[in-house]
Chemist: 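The structure follows.
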Amino acid sequence: MPTDGKNQKQAIIADLLIRDVEIFDGSGDAPWQGSCAIADGRIISLSTAESRADTQPIRAKQEIDGSGFALAPGFIDIHTHDDMAVFDPKRMKAKLSQGVTTVVVGNCGISASPSPLARHSTLIPPLDLLGDNSSFRFTNVNDYMEALAAAASTVNVLPLVGHTVLRARAMDDLQLPASSSQLAAMQKDLSTALAAGMNGFSTGLAYPPAKAASTDEVLALAEVVADVDGLWTTHMRDERSGVVAAVAETIDIARRSGVRTLISHHKCCGEAAFGLSRTTLAMISKARDELRLDLDVYPYTASSTVLLQSFAMDSRKVTVSWSTPHPEMAGRDLDDIATEWGVDNISALEKLQPGGGIYHQMDDADLERIMAYPPALIGSDGLPNDMRPHPRLWGTFPRVLGHYARDRSLFLLQTAIAKMTSQSAETLGLNNRGKIATGMAADLVLFDPATIADRADYKSPDMPSAGISLVLVNGKPAWKNEALTGSGHGIVLRRDH
Ligand SMILES: [Zn+2]
């Protein structure tokens, strides 16, 4: 090796070098052994053991020996209700402890801004999933976006605006379809939100305050989003025995508006719907030949939302996740509560309102079929305000990697990682995240593929996962030694990014 100055290669100066690690680059390709150098929040160099001699030497301020570990792009939680939780670093422990570095907020028609409180001072469920009235303190979208940027969250935040919030701002009676003037007001609000940098809008058509919205109402709003090539995410009108019709409606709106569409938490609830995922996935596949249509899923056979009679009736078991009048019932089964009170389940459910529940109502075969469907993305749908949350809040991503990829061999580990990184980034239009490649943002997770596992379950739902060693957000440690580092390096991901 020549050592005279003429032939000597200049060293790359890095903030951090993670060396001798198994790199899952997010593409879905097989992993490779190598090293990853980071500087100024970005990946600046990648090398294999063989290529190291040919590449420039790296002088790093800090080095980590990654032997025995896997390095992946930070996980993107494409479906969350973290609109307000992102302001509190402690509450984001649920996400960082499982390797999540980006959250999409404003889903299921519910967003923290613009506030609906001017017209409806009592929050109509499911708006209360985000918290009490104080969660809706941002009168306009710009205030929320500015507060997010100023807060420097511990994760990156990609916001959407919720249709149900727009409805509640424009309409007194949410049990009706919108009039043309009300629809015009919603379109105006939506345009303002998109101009403020929001990435699109979400609907929650299964919920009482949005049920009365016609297909044309949603279409008229989807067209506004399509004009700026934004994203529409939808908790469809029916995820039970009517799920096939709901998918057909979604495809119809996507086709007529041209909007990029994401079906949220796809599932088939209640025995009458078991097996219908065969039909829905075939419809989605066919539509994907000509439309930009995606879907996400969480890895559990129980759902969770506000207390709703229709959900309870389709469930094998309902566990109360929160109740304002009866907080002592959080974590108890509805059957037990009804017996204790000497009433039927429906009366008990009414007495617990407002509140939330965990509904055991899906079939493993549908869940695995949807998860294994190649385009399916992973999103947690975690509810950070619940007293006894569904374990998906803390366990989703390690559960997919540990339980479903490693233990059940539902797919390869690199396939599972792609479903929570590059594929999600592509759906969201994020060009510089979701992959390990030179120049990409250094959102990274170092984990042990042999031990990664979810520890949260229905009995102990707020347990950090096992096997996540280090989480970097924009190149800075956010989770290390099984603890939050306390620093916030997340950014707001605006539509124009
Ligand atoms: Zn939803």
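Along the sequence shown, residues are numbered consecutively beginning with 1. No hydrogens, no waters, no symmetry mates; every other heavy atom, side chains included, goes into these values. Both counts, for ligands and for their atoms, begin at 1 and track the order of listing.
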Chemist: Examine the side chains of T215 and E249 and answer whether a donor and an acceptor come within less than 3.5 Å of each other.
Modeler: yes
Chemist: Is R392 close enough and on-axis enough to Y298, meaning under 6.0 Å and within 45°, for cation-pi?
Modeler: yes
Chemist: Hey, can you tell me if F75 and F397 have their rings parallel, tilted or perpendicular (30° and 60° cut-offs)?
Modeler: parallel
Chemist: In the protein, how many N/O/S atoms are under 2.8 Å from the Zn ion (ligand 1)?
Modeler: 3
Chemist: Could you tell me whether the side chain of R433 reaches within less than 4.5 Å of the side chain of N156, counting heavy atoms only?
Modeler: yes
Chemist: Are H266 and Y373 an aromatic pair by the rule of ring centers under 6.0 Å?
Modeler: no
Chemist: Write down the atom of L349, the atom of L308, and the distance for their closest heavy-atom approach.
Modeler: CD1-O, 4.2 Å
